[in-house]
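One structure is given below, encoded as structure tokens.
The first residue in the sequence is number 1, and the count goes up from there.
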Amino acid sequence: MLSTTNGAPQRTALITGGSGGIGLELAKVIARNGFDVALVARKRDTLEAAAGQLEGKFQIKAHVFAADLRRQDAPQAIFDFLRNENIPIEILVNNAGFGLGGEFSETDLDRELEMIQVNIAALTQLTKLFLPAMIKRKSGKILNVASTAAFQPGPLMSVYYASKAYVLSFSEALAEELRDSGVTVTALCPGPTKTDFASTAHVGQSRLFTLFGVADAASVAEFGFQAMMQGRRVAIPGARNKLVAASHRFFPRGLVTKVARMAQESR
Ligand SMILES: NC(=O)c1ccc[n+]([C@@H]2O[C@H](COP(=O)([O-])OP(=O)(O)OC[C@H]3O[C@@H](n4cnc5c(N)ncnc54)[C@H](OP(=O)(O)O)[C@@H]3O)[C@@H](O)[C@H]2O)c1
């Protein structure tokens, strides 16, 4: 592991989608807690602005790497960049992701395949690449950003909900494989949160985003960071979201699916 000038270990967190929304707030709380950060997103100017903001506010180094996780070669390029720069990763935050609303029979397949690439494949590949060094060091943390969407099927946003079910299932299984290894895996499952997500997914008018309040990204990130540091396997911020996540235990899956559909419909 690298050392800082005062001899303390230089610890770096890689955060995908770290230039905005929940990812940027995670980068802030991680930086505030003394970690260097490496931010990944597509737009270099937004990345550099975020890095400047973090370096200005906290005594840390913020690296940036512009990459489009819709591309299959992006995870390897990120890994190679950090290895060439000799930046070991202590915390991997797989946060980048997006959704798409609409009836599956009418939505754009290319966009959905890109979603599967970003939400599922890139997250899996990045974990595969960065995990071996963590296991070797017997130290590391992985925070995968899932969603309350992970807990039930989501009519009118079917591929997105299914992608987050993958993230939750994969994270919990991996956490169990890694028990006693010194490496922890946490699935953060936010409910509706104030970011660009809803407009990107065309679900801003859904009951989910309009009927009840939406959380602010900073409090979701703070909650996720604490859960990750404690090594918790599943982290659901907010009482209402905890209820949503537990509903499948008390009600038939068909009913839960109907309620999810109502939540996805516009008011
Ligand atoms: N907001 C919610 O209501 C909510 C609820 C539950 C879960 N989540 C999950 O939280 C995570 C973060 O979402 P958010 O709400 O913060 O969304 P956001 O505000 O849209 O931020 C997305 C971030 O990911 C980056 N990004 C998007 N596509 C990318 C790509 N192809 N390659 C690399 N970077 C990419 C964006 O930067 P560029 O555009 O520059 O690439 C940005 O930094 C997602 O996994 C989402 O599914 C969100």
**Complete:** In short, F209 meets P192 closest at the heavy-atom pair CE2-CB, 3.8 Å

**Message:** Return the NZ to OG distance between K164 and S169, rounded to the nearest 0.5 Å.
**Reply:** 14.0 Å

**Request:** Mind checking the NZ-CD1 spacing from K194 to I22? Nearest 0.5 Å is all I need.
**Result:** 12.5 Å

**Item:** Approximate separation, where rounding is to 0.5 Å, of E177 CD and L131 CG
**Value:** 9.0 Å

**Between CG on residue L24 and CG on residue L39, distance to nearest 0.5 Å** = 7.5 Å

**Request:** Can you see which heavy atom on R240 is nearest to which on G213, and at what distance?
**Result:** NH2-O, 2.9 Å

**Item:** Within one Ile-Leu-Val-Met-Phe-Trp-Tyr cluster: L54 and L14, side-chain cutoff 4.5 Å
**Value:** no

**Message:** With no hydrogens and no angle check, just 3.5 Å: does a side-chain donor-acceptor pair link N94 and T16?
**Reply:** no

**Message:** Can you confirm whether Q230 is buried at CD, in the sense that more than 12 heavy atoms of other residues, nucleotides or ligands lie under 6.0 Å from that atom?
**Reply:** yes

**Message:** Whether R70 and D68 form a salt bridge (side-chain N of Lys/Arg under 4.0 Å from carboxylate O of Asp/Glu) is what I want to check.
**Reply:** yes

**Prompt:** Any side-chain heavy atom of M134 sitting closer than 4.5 Å to one from L178?
**Reply:** no

**Asked** At their closest point, which heavy atom of A217 faces which heavy atom of T195, and how far apart are they?
**Response** CB-CG2, 4.1 Å

**Asked** Which is it for H202 and L100 under the side-chain contact (heavy atoms from CB on, under 4.5 Å) test, yes or no, and what are the steps along the way?
**Response** CA-CA 7 Å; H202 310 303; L100 178 65; 3.9 Å; yes

**Prompt:** Quick check, are the ring centers of F197 and F98 under 6.0 angstrom apart?
**Reply:** no

**Message:** I'd like to know whether L92 forms a side-chain contact (heavy atoms from CB on, under 4.5 Å) with L143, so could you lay out the CA-CA distance, the side-chain angles of the two residues, the decisive distance to 0.1 Å, and finally the verdict.
**Reply:** CA-CA 6 Å; L92 168 62; L143 180 65; over 6 Å; no

**Message:** What verdict does the side-chain hydrogen bond (donor to acceptor under 3.5 Å, both in side chains) test give for N241 and T148, after you've listed the backbone C-alpha separation in whole Å, the side-chain angles of each residue and the deciding distance to 0.1 Å?
**Reply:** CA-CA 7 Å; N241 295 327; T148 48; 4.7 Å; no

**Asked** Can you hop from L188 to I15 via hydrophobic side chains spaced under 4.5 Å?
**Response** yes

**Request:** Please assess E222 against Q226 for the test side-chain hydrogen bond (donor to acceptor under 3.5 Å, both in side chains), listing each intermediate value before the final yes or no.
**Result:** CA-CA 6 Å; E222 180 67 43; Q226 296 302 341; 2.8 Å; yes

**Item:** Sub-4.5 Å side-chain heavy-atom contact between C189 and L168
**Value:** yes

**Asked** In terms of side-chain heavy atoms, does Y161 have a donor or acceptor partner in Q264 at a distance below 3.5 Å?
**Response** yes

**Request:** Kindly say whether A62 contributes a backbone atom to a donor-acceptor pair with the side chain of E55 at under 3.5 angstrom?
**Result:** yes

**Message:** With a 3.5 Å distance limit and no angle check, can you tell me whether T186 reaches the backbone of T184 through a side-chain donor-acceptor pair?
**Reply:** no

**Asked** Is there side-chain contact between L129 and P75, with at least one heavy-atom pair below 4.5 Å?
**Response** yes

**Fill in**
V220 and A215 have their tightest heavy-atom pair at CG2-CB, 3.9 Å

**Prompt:** E265 versus R207: any side-chain heavy-atom pair under 4.5 Å?
**Reply:** yes

**Asked** Tell me, do I60 and D36 make a side-chain contact under 4.5 Å, heavy atoms counted?
**Response** yes

**Prompt:** Is the count of non-hydrogen atoms from other residues, nucleotides or ligands lying under 6.0 Å from R179 atom CZ greater than 12?
**Reply:** no

**Distance flag, aromatic centroids of F35 and F58, threshold under 6.0 Å** = no

**Message:** For Q72, I'd like to know if atom CD has over 12 heavy atoms of other residues, nucleotides or ligands within 6.0 Å.
**Reply:** no

**Request:** Of all the heavy-atom pairs spanning A74 and A67, show the shortest one and how long it is.
**Result:** CB-CB, 4.3 Å

**Message:** With rounding to the nearest 0.5 angstrom, report the CD1 to OG distance, I135 to S181.
**Reply:** 6.0 Å

**Prompt:** Quick one: do L26 and M229 end up in the same hydrophobic cluster if we chain Ile, Leu, Val, Met, Phe, Trp and Tyr together by side-chain heavy atoms under 4.5 Å apart?
**Reply:** yes

**Asked** More than 12 non-hydrogen atoms from neighbouring residues, nucleotides or ligands closer than 6.0 Å to NZ on K242, yes or no?
**Response** yes

**Message:** Donor-acceptor check, side chain of T200 to backbone of D196, threshold 3.5 angstrom: yes or no?
**Reply:** yes

**Item:** Candidate pair Q205 and T210, rule side-chain hydrogen bond (donor to acceptor under 3.5 Å, both in side chains), full reasoning
**Value:** CA-CA 6 Å; Q205 295 312 309; T210 54; 6.0 Å; no

**In one Ile/Leu/Val/Met/Phe/Trp/Tyr side-chain cluster, 4.5 Å: M157, V167** = yes

**Request:** Can you spot which of R11, R137, K141, K138 makes a salt bridge (charged side-chain N to carboxylate O under 4.0 Å, His left out) with E90?
**Result:** R137

**Message:** With a 4.5 Å cut-off on side-chain heavy-atom distances among I, L, V, M, F, W and Y, is there a chain of contacts connecting F65 to I87?
**Reply:** yes

**Request:** Establish, from distance only, whether the side-chain atoms of Y166 and T124 form a donor-acceptor pair under 3.5 Å.
**Result:** yes

**Message:** What verdict does the side-chain contact (heavy atoms from CB on, under 4.5 Å) test give for I78 and L126, after you've listed the backbone C-alpha separation in whole Å, the side-chain angles of each residue and the deciding distance to 0.1 Å?
**Reply:** CA-CA 9 Å; I78 295 164; L126 286 166; 4.3 Å; yes

**Item:** F170 vs T127 side-chain heavy atoms within contact, under 4.5 Å
**Value:** yes

**Message:** With a 6.0 Å cut-off (strictly less than), is the heavy-atom count around CZ of R71, excluding the residue itself, greater than 12?
**Reply:** no

**Prompt:** Can you list the steps and then say if Y160 with N119 is a side-chain contact (heavy atoms from CB on, under 4.5 Å)?
**Reply:** CA-CA 8 Å; Y160 176 74; N119 295 12; 3.7 Å; yes

**Item:** Validation row: R261, L156 side chains within 4.5 angstrom (heavy atoms)
**Value:** yes

**Item:** Closest contact, heavy atoms only, P155 versus P153
**Value:** CD-O, 3.5 Å

**Prompt:** Once you round to the nearest 0.5 Å, how far does OG1 of T12 lie from CD1 of I91?
**Reply:** 9.5 Å

**Prompt:** Hey, is the main chain of F104 close enough, under 3.5 Å, to the side chain of T107 for a donor-acceptor pair?
**Reply:** yes

**Prompt:** Taking C-beta and beyond as the side chain, do F251 and V259 meet within less than 4.5 Å on heavy atoms?
**Reply:** no

